[in-house]
2 protein chains.
Amino acid sequence: MNEREPAVTRKSGVALWRQIADQIRQAIGAGTLGADGRLPTEIALSERFGVNRHTLRSAIAALVQEGVLRAEQGRGTFVESRQKLSYPISARTRFSTGLREQTRERRSILLADALEPASVRVAEALGLAPEAPVIRLETLSEADGRPVSRATSWFNAERFPGFAQVYAETGSITLGFQYFGISDYFRKSTLVSARHADTADLADLKLSAGAIVLVARAINVDPAGVPVQYAETRFVADRVELSVSTEA
Amino acid sequence: MNEREPAVTRKSGVALWRQIADQIRQAIGAGTLGADGRLPTEIALSERFGVNRHTLRSAIAALVQEGVLRAEQGRGTFVESRQKLSYPISARTRFSTGLREQTRERRSILLADALEPASVRVAEALGLAPEAPVIRLETLSEADGRPVSRATSWFNAERFPGFAQVYAETGSITLGFQYFGISDYFRKSTLVSARHADTADLADLKLSAGAIVLVARAINVDPAGVPVQYAETRFVADRVELSVSTEA
DNA sequence: TTCGTTTGTATAGAACAATAGACAAATAAC
DNA sequence: GTTATTTGTCTATTGTTCTATACAAACGAA
């Protein structure tokens, strides 16, 4: 068997330039393209993908817009940013930790909060009665000034009244729990899936249509095993991978 | 904050009918559409998405082709298959186990095998010298007659000579290892990412372009902690979610 | 300067995607 | 049988995407 060549599919509902942009972005991440910081010429790439040079230019234009590439007339096209962030998923690790060595600047933003009755899914995850009051937090995480994830979290409103304000002041879920006397908490289970970003995610994460998000649905429990947080986090698939360590 | 409405983005490189098909497929999986097994009428859906009925029909046609929907003239459009398979990822669970209750018929197919020198990534994962001989297995997994995952696995060729034949006869990695005296093995680490399916995956997994695959890159070790298998598995994101249990 | 290389711009035609309106065919209820 | 509802088919028009060809502008080296 030969190594599979990158290729494109016609009349599939996805424009050729977008398919090519996705493949170039992926190849850069994998290091199979632009490993020396420089992309092959437009003519070479257009021949490689079997499309017209203009089609390939559309793909490059999209990646320049995203900040992945930088094109200089007369010189060539260059890789602007490469590495993927790796988010550890394990019982004792928070999403936000373990990233300190990977990125310079990192922050979380509270977009919105609400008090609402629990949906079936949320009630089940938190072990509450349906329609029980829960606090919902909408947060955005950035690394090096770029959005990397968008999360929706739910908390038992009776046990954690005013959690949103505490979070807004501390900027940390961990510190928020400490305020309520929970010294430590554990990730019980995580469901990972992937889908195309919806319009809300596209706006918040500053993505272009067709982008992919990794979705992690997690239940966190206190030391007694009682669920304290249910969170649905959408990660930008191009910039993030999830690392599951299952050591004994 | 209101519940976000499904919406579509124009001239984004992704055709409207494909965006709509993705959203319908996702809504069916989430149970927010066709929960009673029946889809709203074409006219109702076209108004909901703000497109012409013909555009919406293209989306439905794609989902019928995928086997997600079934349209009957004069009666309506119905959901053909709904539930997502949930693959557990933990230290002691194989990918293939834990699915027995979820699906009736399940099988693995050996597509191809090869003896080759290890790439940098494979050598690093298996703890071998670069260019060391490794056996590569290309496998396809089906559940209920439908492809759900496509895996590429590498094994140390010196330690497991003829592994491909053993696998072909037994149809199981676990039994293959037992043949070589390894009674048990453990998942050491897993990296999860997501991307658009490439053309090879599109063909093997019978997907249409633009489809998403969940990629799990895993290292399995024997009881002594020595790496015995490195695998890159691509799951059909529409049909699978990965379940990470991080209990103490 | 001169030349070859590379990205940027322009124009026109072909292929595909989306809209619009009209009608046919099958189904279910009356 | 009649009617309303729903999916299936057809034709025409407009906008977007892709191709083809040509040339301009910037860069680097001889």
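In the text below, chain A, chain B and the rest are named by the order of the sequence lines, each starting its count at 1. All heavy atoms count here, side chains included; hydrogens, waters and symmetry mates do not.
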Can you pull out how bent the helix from C/dT1-D/dA30 to C/dC30-D/dG1 is, comparing the axes over its first five and last five pairs, to 10°?
->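 The end axes of the helix from C/dT1-D/dA30 to C/dC30-D/dG1 are about 30° apart, to the nearest 10°.
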
Side-chain touch B/Glu116/B/Trp154, heavy atoms, less than 4.5 angstrom =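 Side-chain contact under 4.5 Å: yes.
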
List in chain and number order the residues that pass side-chain contact (heavy atoms from CB on, under 4.5 Å) with [X], two or more places apart in sequence or in another chain; answer none if no residue qualifies.
X	result
B/Arg75	B/Glu72, B/Phe78
A/Thr55	A/Leu16, A/Trp17, A/Val51, A/Asn52
B/Arg217	A/Glu241, B/Arg121, B/Leu191, B/Ser193, B/Val215, B/Tyr230, B/Glu232
A/Ala123	A/Ala118

For A/Thr77, which contact category applies under a 4.0 Å heavy-atom criterion: base, sugar-phosphate, or nothing?
->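 Sugar-phosphate contact only - A/Thr77 comes under 4.0 Å of backbone atoms but never of a base.
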
N/O to N/O distances under 3.5 Å, protein versus nucleotides 10-14 of chain C:
{"residue": "C/dA10", "atom": "N6", "partner": "A/His54", "partner atom": "NE2", "Å": "2.1"}

Counterpart residues, side chain to side chain donor-acceptor pair (under 3.5 Å), relative to B/Thr152 (two or more places apart) =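 For B/Thr152, the residues satisfying side chain to side chain donor-acceptor pair (under 3.5 Å) (neighbours in sequence not counted) are B/Glu138, B/Arg234.
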
For A/Ser153, side chain to side chain donor-acceptor pair (under 3.5 Å) partners two or more places apart =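 Partners of A/Ser153 by the side chain to side chain donor-acceptor pair (under 3.5 Å) criterion, ordered by chain and then number, come out as A/Gln229.
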
Report all interatomic pairs (protein N or O, nucleotide N or O of nucleotides 26-30 of chain D) with separations under 3.5 Å.
{"residue": "D/dA26", "atom": "O4'", "partner": "A/Gln73", "partner atom": "OE1", "Å": "3.3"}
{"residue": "D/dG28", "atom": "OP1", "partner": "A/Arg75", "partner atom": "NH1", "Å": "3.3"}

Not counting sequence neighbours, which residues clear ring pair (Phe, Tyr, Trp, His ring centres under 6.0 Å) with B/Tyr167? List them please.
->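 B/Tyr167: no ring pair (Phe, Tyr, Trp, His ring centres under 6.0 Å) contacts found.
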
Go through the structure and list residues passing salt bridge (Lys or Arg N to Asp or Glu O under 4.0 Å) with A/Arg57, not counting sequence neighbours.
->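 Once residues adjacent in sequence are excluded, the partners of A/Arg57 under the salt bridge (Lys or Arg N to Asp or Glu O under 4.0 Å) criterion are A/Glu42.
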
Using the test salt bridge (Lys or Arg N to Asp or Glu O under 4.0 Å), find all partners of B/Arg25 that sit at least two apart in sequence or belong to another chain.
->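 Per chain and number, B/Arg25 pairs via salt bridge (Lys or Arg N to Asp or Glu O under 4.0 Å) with B/Asp22, B/Glu66, B/Asp238.
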
